[in-house]
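Everything on this sheet refers to the single structure shown next.
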2 protein chains.
Amino acid sequence: MTDSLTEPLPGPSPQPLTADMFDPECPNRAMPIRLEAKWAWLIIRCLEGGPRRFSELRVPLARVTPKVLSESLRAMERDGLITRTAYPENPPRVEYALTDLGRSLLGPMDAACEWGRRHLGRLLDAREAYERRRAPGPSEPARPSSPARP
Amino acid sequence: MTDSLTEPLPGPSPQPLTADMFDPECPNRAMPIRLEAKWAWLIIRCLEGGPRRFSELRVPLARVTPKVLSESLRAMERDGLITRTAYPENPPRVEYALTDLGRSLLGPMDAACEWGRRHLGRLLDAREAYERRRAPGPSEPARPSSPARP
DNA sequence: CCGTATCCCTGACGATACTG
DNA sequence: CAGTATCGTCAGGGATACGG
């Protein structure tokens, strides 16, 4: 079971997830939520415009198996980020919707997206340059045994 | 090797990490960086106040083995988030420092921390309430076979 | 001091099939 | 339609030991 968002980090954890980790004065303050808990980010985006049914979510998340999607949704429901409403009809209908708490995540998410729009290109450039430094040509065996990298 | 931050997500990915994913108009825009790539977040915080040596980083990150710390640092160096400077002394000395690109992450990170300070308590409350609903007492076997959860 | 080299283990997923 | 059950994989990363 994916623990979705927070989760005090099972075993070896930087901190046991205390409140002062979010005090700007605390030097060790850490990221509380695994905002990108693999699918949570995308699910929130899918629900941004209103409630969605399970099968509706499966369209943009086609690469997520129903099992994993279901687990993710339940974990998010557990954390109070979304609600699950089942209508006793036939065929059954279930709708997922963002809570206020879940919606409050849109702010930090937008901040991160804004960072991506402005800086991701530079990061990818740096990565490409780094890889090219290690593999100058396709004829190179790559990874000289010891030197390189000042 | 931990791929640190971005990484187009190896196999089944929601999107191949294109630029328009960061367009606020794109409904599928996703989180580009795995901001919390396990240790990257904490490393950035450790470097926030200035360059640090490898052994200095090991103090606040005592639970990270040198192997993993080394891998994380190299991945971040590859992505242009930090620099690695080795001084040819004896004993050897190496200093890691944030680049401008790495420092630009502090903005989104602070936004996330601010979210944590304001809302994390509510998330934890919701989680606790959910778990208690499933395990009302220590005498309960938990997980009734089918009902519960409207 | 600053890392690498090995080994191994776990838990998050993915594939596929099947129910209420 | 809305999931669950079962099985398998595989990469992240922890433990330990060693090298420049």
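A note on names: the letters A, B, ... follow the listed sequences, proteins ahead of strands, and every chain is numbered from 1.
- At a cut-off of 3.5 angstrom, counting only N and O atoms as typed in the model, there is no donor on one side facing an acceptor on the other between the side-chain of B:Lys67 and the base of C:dG3.
- Contact between the side-chain N/O atoms of B:Arg74 and the OP1/OP2 oxygens of C:dG3 is not found at any separation under 4.0 Å.
- Across all their heavy atoms, B:Leu105 and B:Pro108 have their closest contact at O-CD, 3.3 Å.
- Interatomic distance, CD1 of A:Ile82 versus CG of A:Leu101, reported as 11.5 Å (0.5 Å rounding).
- Between D:dG13 and B:Arg63, no contact under 4.0 Å exists linking OP1 or OP2 to a side-chain N or O.
- Spacing between atom CG of A:Asn90 and atom C1' of D:dC1 amounts to 9 Å, rounded to whole angstrom units.
- Taking the nucleotide of DNA chain D with the nearest heavy atom to each of A:Arg93 and B:Pro66, the more 5' of the two is matched to A:Arg93.
- With sequence neighbours left out, B:Arg118 forms a salt bridge (charged side-chain N to carboxylate O under 4.0 Å, His left out) with B:Glu114.
- Within the 4.0 Å cut-off from OP1 or OP2 of C:dT16, not a single side-chain nitrogen or oxygen of A:Thr65 is found.
- Between D:dC1 and A:Ser55, no contact under 4.0 Å exists linking OP1 or OP2 to a side-chain N or O.
- Per the geometry, CZ belonging to B:Arg52 stands 16 Å off P belonging to C:dG3, to the nearest Å.
- When the side-chain nitrogen and oxygen atoms of B:Arg58 are compared with OP1 and OP2 of C:dC1, none of them lie within a distance under 4.0 Å.
- Rounded to 10 degrees, the angle separating the terminal axes of the helix from C:dC1-D:dG20 to C:dG20-D:dC1 is 50°, with each axis obtained from five end pairs.
- Using a 4.0 Å heavy-atom criterion, one finds that A:Tyr87 contacts no nucleic acid atom at all.
- A salt bridge links B:Arg93 with B:Glu95: the distance from a Lys NZ or Arg NE/NH1/NH2 to an Asp or Glu carboxylate oxygen falls below 4.0 Å.
- Across C:dC1, D:dA2, D:dT4, the shortest atom-to-atom separation from the side chain of A:Val94 is found for D:dA2.
- With sequence neighbours left out, the side chain to side chain contact (heavy atoms under 4.5 Å, CB included) criterion links B:Ser70 to B:Phe54, B:Arg74.
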